[in-house]
Amino acid sequence: MIESFRRLLRSFIHAWEGICILFVTQRNMRIHLAAAFVAMGVGIWLRISRNEWLWVFLAISLVIVAEALNSAIEFVCDRLSPDYDPLIKKAKDTAAGGVLIAALLAVAIGVGVFGPRLTRLLT
């Protein structure tokens, strides 16, 4: 039982190390984090509802997860083939496309959640 707990604890430590690696080495992850803080600040300012917070947090999480998977794919590809390879390019471009899709969805969610309130404030 104790060894099982230690393995579980080690897995959390490794996951935390991975998160730290993302924020230290990946500029785009830091940009996503900054955007997340802006979105949360706007959400607090506009006093969005609990359901709207769920959408905002879903959007933030989706983008961060997509960026983490993209970075993992890039790390592996760079290790496997440091030189140009057309299949590696396709893998990296496809992973980056997944991040773009997640980011566009996050923008759409942001417009849906914040747009009506901002429109009311400006009119």
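For the numbers below, each heavy atom of this structure counts, side chains included, while hydrogens, waters and symmetry mates do not. Model, not experiment: these values are computed from the prediction.
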Shared hydrophobic cluster for [X] and [Y] (ILVMFWY, side-chain gaps under 4.5 Å):
X      : Y     : result
Val38  : Leu33 : yes
Leu46  : Ile44 : yes
Val113 : Leu62 : yes
Phe23  : Met40 : yes
Ile19  : Phe12 : no

Members sharing Met1's hydrophobic cluster, built from side-chain contacts under 4.5 Å between Ile, Leu, Val, Met, Phe, Trp and Tyr, are none
Quick check: do [X] and [Y] have side-chain heavy atoms less than 4.5 Å from each other?
X     : Y     : value
Gln26 : Phe75 : yes
Trp55 : Ile48 : no
Val65 : Leu69 : yes
Ile13 : Leu9  : yes

Are Glu17 and Arg10 ion-paired here, with the side-chain N under 4.0 Å from a carboxylate O?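 No, this pair does not count.
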Inter-residue atom distance [X].[atom1] - [Y].[atom2], 0.5 Å rounding:
X      : Y      : atom1 : atom2 : result
Leu105 : Ile101 : CG    : CD1   : 10.0 Å
Asp85  : Leu80  : CG    : CG    : 9.5 Å
Met29  : Glu67  : CE    : CD    : 5.0 Å
Glu52  : Ser49  : CD    : OG    : 3.5 Å

Side chains of Ser71 and Glu74: any donor to acceptor distance under 3.5 Å?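 No, no side-chain donor-acceptor contact under 3.5 Å.
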Donor-acceptor contact present, side-chain [X] to main-chain [Y], <3.5 Å:
X     : Y     : result
Ser81 : Cys77 : no
Asn70 : Val99 : no
Arg30 : Val24 : yes

Ring centers of Phe57, Trp53 separated by less than 6.0 Å: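 For Phe57 and Trp53, the ring centres are under 6.0 Å apart.
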Just distance, no hydrogens or angles: give the donor-acceptor pairs under 3.5 Å from side chains in residues 88-95, sequence neighbours left out.
unit_1 : atom_1 : unit_2 : atom_2 : d
Lys89  : NZ     : Asp93  : OD2    : 2.4
Lys92  : NZ     : Asp78  : OD1    : 2.5
Thr94  : OG1    : Lys90  : O      : 2.6

Among Leu58, Val56, Val63, which residue satisfies the side-chain contact (heavy atoms from CB on, under 4.5 Å) criterion with Ile60?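 Between Ile60 and the candidates, side-chain contact (heavy atoms from CB on, under 4.5 Å) is satisfied uniquely by Val56.
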More than 12 heavy atoms of other groups within 6.0 Å of [X] [atom1]:
X     : atom1 : value
Phe37 : CZ    : no
Phe5  : CZ    : no
Ile2  : CD1   : no

Residues in side-chain hydrogen bond (donor to acceptor under 3.5 Å, both in side chains) contact with Asn51, at least two apart in sequence or another chain: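 None.
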